[in-house]
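Since the structure comes first, as structure tokens, the remarks are kept for the end.
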Amino acid sequence: MAKQEDQFKKVISHAKEYGYIFGSSEIYDGLSAVYDYGQNGVELKKNIREYWWKSMVNMHQNIVGLDAAIFMHPTTWKASGHVDAFSDPLIDNKDSKKRYRADVLVEDYAEKLNQKAEKEIAKAAKCFGDSFDRAQFEATNPRVLGYREKMKAATGRLAKSLDADDLADVKALIEELEIVCPVSGSKNWTDVRQFNLMFGTKLGASAETATDLYLRPETAQGIFVNFLNVQKTGRMKIPFGIAQTGKAFRNEIVARQFIFRMREFEQMEMQFFVRPGEEMKWYEYWKETRLNWHTSLGLGEENYRFHDHEKLAHYANAATDIEFNFPFGFKELEGIHSRTDFDLKAHEEFSGKKLQFFDPELNESYVPYVVETSIGLDRMFLAVFSNSLQEEELEDGSSRVVLKLPAILAPVKVAVFPLVKKDGLPEIAKKIVDDLKFDFNVIYDEKDAVGKRYRRQDAAGTPFCITVDHDTIKDQTVTIRHRDSMKQERIAIQDINAIIEQQVSFKSWIS
Ligand code: ATP
């Protein structure tokens with residue numbers, strides 16, 4: 001645990017030191033759970049957004065984009081259920097005065113049991129070696145079965161009491177499980193209360209005529225209210241999808257863990273409209289497609305897992321999370337939800353407008369069902385960034401800090417150096433920069449010894465460095481150095497562009 005915390009601290013300080021993420025309005029001591037993206041952060045974020053957008057919109061002929069406003073008519077949030085039900089159960093510890101999400105306390109308790117079970121399994125696997133049968137061990141070992149049973153009982157009861165809005169039972173569960181406050185260590189809890197997460201604001205000049213608005217807590221509703229506009233003007237036929245990226249706002253109760261849980265964040269969502277009755281087929285399709293998107297980035301297949309929801313949201317008939325192995329353990333990175341026809345039907349009811357599709361094959365009109373994929377861009381940023389930050393021992397006994405970002409996402413693709421600041425080498429290097437800048441984000445650096453410059457780019461995440469030396473003048477070749485392998489090769493200046501393009505093109509990454 002201490003090691004994990006240590007690694008997470010390194011991630012946060014590295015993100016600041018290399019211009020990825022700063023605390024918001026830092027000169028005024030910051031604003032809790034709000035962050036700014038620096039010169040490298042903005043590029044990484046943009047590249048992740050683009051990787052998502054291309055794979056959703058460009059790669060699917062039946063998915064189109066949208067950019068809806070953050071402000072929406074306030075009835076939107078009545079219809080969607082957010083005014084009545086977009087809340088989290090909170091609980092305070094009377095001794096530490098710290099506030100927690102009651103459901104998260106129980107989920108963390110369950111995860112600890114899961115880790116104990118995994119430890120037993122790992123121990124046995126070590127003992128039995130190649131002959132170890134994991135499935136059989138999990139099905140028969142009394143300790144593993146005991147942990148898993150306890151886990152299921154806790155999460156099952158939580159789901160039941162939240163469904164029934166029985167907050168007294170959520171508190172009773174926390175007490176029965178003897179969950180203590182991680183800060184004070186005490187079990188001195190307040191009652192559980194519901195807390196609405198939407199930020200309110202006002203539209204209009206005078207206090208009397210101003211309208212109460214909300215900052216959108218998700219981008220999805222902008223898609224639902226435009227369903228018919230897009231379907232008709234784009235002549236879309238079911239099944240089809242609408243994709244959108246943009247800011248969302250939630251007044252989170254506990255907003256710790258850096259950019260994992262923010263109050264202002266960005267979502268990348270896609271709503272896929274399907275025939276009623278076909279939603280499960282598409283739910284499975286999107287589960288698989290989205291997991292493939294994640295693994296295409298090479299962060300390690302073992303770092304992802306599905307977590308099916310036990311407590312379904314009011315609009316869903318199936319839901320799963322793709323969880324990622326963050327520095328603080330497996331947590332939700334993306335949600336895939338089968339939202340039924342709940343949203344479109346609710347908007348029909350509240351607006352009095354028909355939001356239906358005439359299906360020529362069936363010769364009937366219906367309200368489509370929806371399967372959505374919803375991922376937090378900032379969370380994806382944290383997944384990529386934390387997984388990429390590594391400290392390596394080198395063969396010569398020294399060590400290096402390297403940010404092994406997938407090359408397609410790296411903010412700067414190439415750094416170009418003259419070996420020395422004289423003999424015409426800077427001029428050649430600057431000419432190379434001028435040629436490459438049309439296709440890639442490229443920088444020029446001539447300060448310090450070349451080894452130091454390589455390390456600087458390693459830590460900043462730049463996948464390729466090009467060095468111009470005295471041989472370049474004679475034979476028009478340069479050295480290309482690869483960040484991950486640290487291998488160096490001699491290549492012709494005229495081939496640089498094609499070599500880098502091959503390594504960072506969307507086509508060569510997406511499977
Ligand atoms: P959680 O259970 O972590 O609060 P959620 O289930 O409420 O998340 P969704 O409403 O499904 O999240 O939102 C979709 C995605 O948006 C999440 O998978 C996550 O990546 C991202 N997200 C949600 N809330 C936040 C937040 N406060 N900060 C950053 N990203 C967020």
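Atoms within each ligand, like the ligands themselves, are counted from 1 in listed order.
More than 12 heavy atoms of other residues, nucleotides or ligands sit less than 6.0 Å from atom CD of Glu176.
For a threshold of 3.5 Å applied to N or O pairs, the pair formed by Leu333 and ligand 1 contains at least one separation below that value. At under 3.5 Å, not a single nitrogen or oxygen of Glu269, backbone or side chain, sits near a nitrogen or oxygen of ligand 1. An N or O contact shorter than 3.5 Å is missing between Ile375 and ligand 1 by distance. Considering both main-chain and side-chain atoms, Glu332 comes within under 3.5 Å of ligand 1 through a nitrogen or oxygen pair. For ligand 1, one of its N or O atoms has an N or O atom of Gly376 under 3.5 Å away.
A ring pair (Phe, Tyr, Trp, His ring centres under 6.0 Å) with Tyr37 is found for one member of Phe385, Phe381, Tyr20 and no other, namely Phe381.
Distance from atom 16 (O) of ligand 1 to its nearest protein heavy atom, with residue and atom name: Gln267 NE2, 3.3 Å. For atom 29 (C) of ligand 1, the closest non-hydrogen atom of the protein is Phe260 O, 3.3 Å. Phe265 CE1, 3.5 Å is the protein heavy atom nearest to atom 22 (N) of ligand 1. The protein heavy-atom contact nearest to atom 7 (O) of ligand 1 is Arg250 NH1, 3.1 Å. Annotation: atom 28 (N) of ligand 1 to nearest protein heavy atom, Met262 N, 2.8 Å. Protein heavy atom nearest atom 4 (O) of ligand 1, with residue, atom name and distance: Arg261 NH1, 2.7 Å.
Proximity of Arg101 to ligand 1, defined as any heavy-atom pair under 4.0 Å, is confined to the side chain (atoms from C-beta onward).
Defined by atom type and a distance below 3.5 Å, a donor-acceptor pair is present between the side-chain atoms of Glu372 and Gln271.
Comment: Glu43 engages Lys46 in a salt bridge, judged by a side-chain N to carboxylate O separation of less than 4.0 angstrom. Taking a cutoff of 4.0 Å between a charged side-chain nitrogen and a carboxylate oxygen, Arg157 and Asp166 do not qualify as a salt bridge.
Between Phe328 and Phe326, the two ring planes are parallel [angle under 30°; tilted spans 30° to 60°].
Atom NZ in Lys94 sits 11.5 Å away from atom CH2 in Trp189 (nearest 0.5 Å).
Not a single heavy atom of Gln257 sits less than 4.0 Å from an atom of ligand 1. At a 4.0 Å cut-off, at least one heavy atom of His337 sits close enough to ligand 1 to count as contact.
Proximity of the aromatic rings of Phe273 and Phe227 is defined here by a centroid distance below 6.0 angstrom, and this criterion is met.
By heavy-atom distance, the residue among Ala33, Gly335, Ala383, Ser374 lying nearest atom 14 (C) of ligand 1 is Ser374.
Residue-ligand proximity, Glu252 to ligand 1, at heavy-atom distances under 4.0 Å covers atoms 24 (N), 26 (C), 27 (N).
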